[in-house]
Amino acid sequence: MGDIFIRYAEGMPASIKAYTLTDCDGNYNVYVNTALNSIRQHEAIKHEILHINGGHFFRCSSVEKDEQEVESIILQRANL
């Protein structure tokens with residue numbers, strides 16, 4: 001697995017909290033919406049890292065399934 005780089009992006013639509021792109025070196029670039037407060041930015045970063053750790057970028061599954069998996073993990077951790 002490549003390195004993870006956190007980048008802050010201005011001008012993102014409010015509906016997008018963060019997104020991740022891989023680069024040609026196999027690294028993950030997480031782009032975080034600067035319009036979010038620091039708590040929401042931290043939550044968005046954790047969400048994206050769960051996608052990375054779940055291998056969601058290199059498997060053939062639907063976005064909906066990947067999102068359900070991440071949300072399930074977040075809920076499990078909240079109930080600990």
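- Residues passing the salt bridge (Lys or Arg N to Asp or Glu O under 4.0 Å) test with E43, sequence neighbours excluded: R40.
- Applying the ring pair (Phe, Tyr, Trp, His ring centres under 6.0 Å) definition to pairs two or more places apart or across chains, none involves residues 58-80.
- Cluster membership for I45 and L36, using ILVMFWY side-chain heavy atoms within less than 4.5 angstrom, is not shared.
- Sorted by first and then second residue, the pairs that involve residues 56-65 and meet salt bridge (charged side-chain N to carboxylate O under 4.0 Å, His left out), not counting sequence neighbours, are R59-D66, R59-E69.
- Taking the salt bridge (Lys or Arg N to Asp or Glu O under 4.0 Å) definition, one finds that R7 meets it with nothing, sequence neighbours left out.
- With side-chain heavy atoms closer than 4.5 Å counting as contact, directly or through intermediates, the hydrophobic cluster containing V70 also holds L50, I73, I74.
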Kindly indicate, with the supporting measurements, whether the criterion side chain to side chain contact (heavy atoms under 4.5 Å, CB included) is fulfilled by D3 and Y28.
CA-CA 6 Å; D3 293 326; Y28 299 89; over 6 Å; no
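- Sorted pairs that involve residues 59-80 and meet ring pair (Phe, Tyr, Trp, His ring centres under 6.0 Å), not counting sequence neighbours, are lacking altogether.
- Every residue meeting the ring pair (Phe, Tyr, Trp, His ring centres under 6.0 Å) condition with H51, not counting sequence neighbours, appears here in chain and number order: H47, H56.
- The backbone N or O of V32 sits nowhere less than 3.5 Å from a side-chain atom of Q41 that would complete a donor-acceptor pair.
- The side chain to side chain contact (heavy atoms under 4.5 Å, CB included) search around S38 returns none, not counting sequence neighbours.
- Residues that satisfy the side chain to side chain donor-acceptor pair (under 3.5 Å) test with Q68, not counting sequence neighbours, are absent from this structure.
- Residues satisfying the ring pair (Phe, Tyr, Trp, His ring centres under 6.0 Å) test with F5, not counting sequence neighbours, are none.
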Please list, one pair per line, the donor and acceptor atoms closer than 3.5 Å that link side chains of residues 9-24 to other protein atoms, with sequence neighbours excluded.
from	atom 1	to	atom 2	distance (Å)
T20	OG1	E48	OE1	2.7
D23	OD1	D25	N	3.0
D23	OD1	G26	N	3.2
D23	OD1	N27	N	2.9
D23	OD2	N29	ND2	3.2

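- Apart from I39 itself, the hydrophobic cluster it occupies contains nothing, where clustering links Ile, Leu, Val, Met, Phe, Trp and Tyr at side-chain heavy-atom distances under 4.5 Å.
- Linking Ile, Leu, Val, Met, Phe, Trp and Tyr whenever their side-chain heavy atoms come within less than 4.5 Å leaves Y31 and I4 in two separate clusters.
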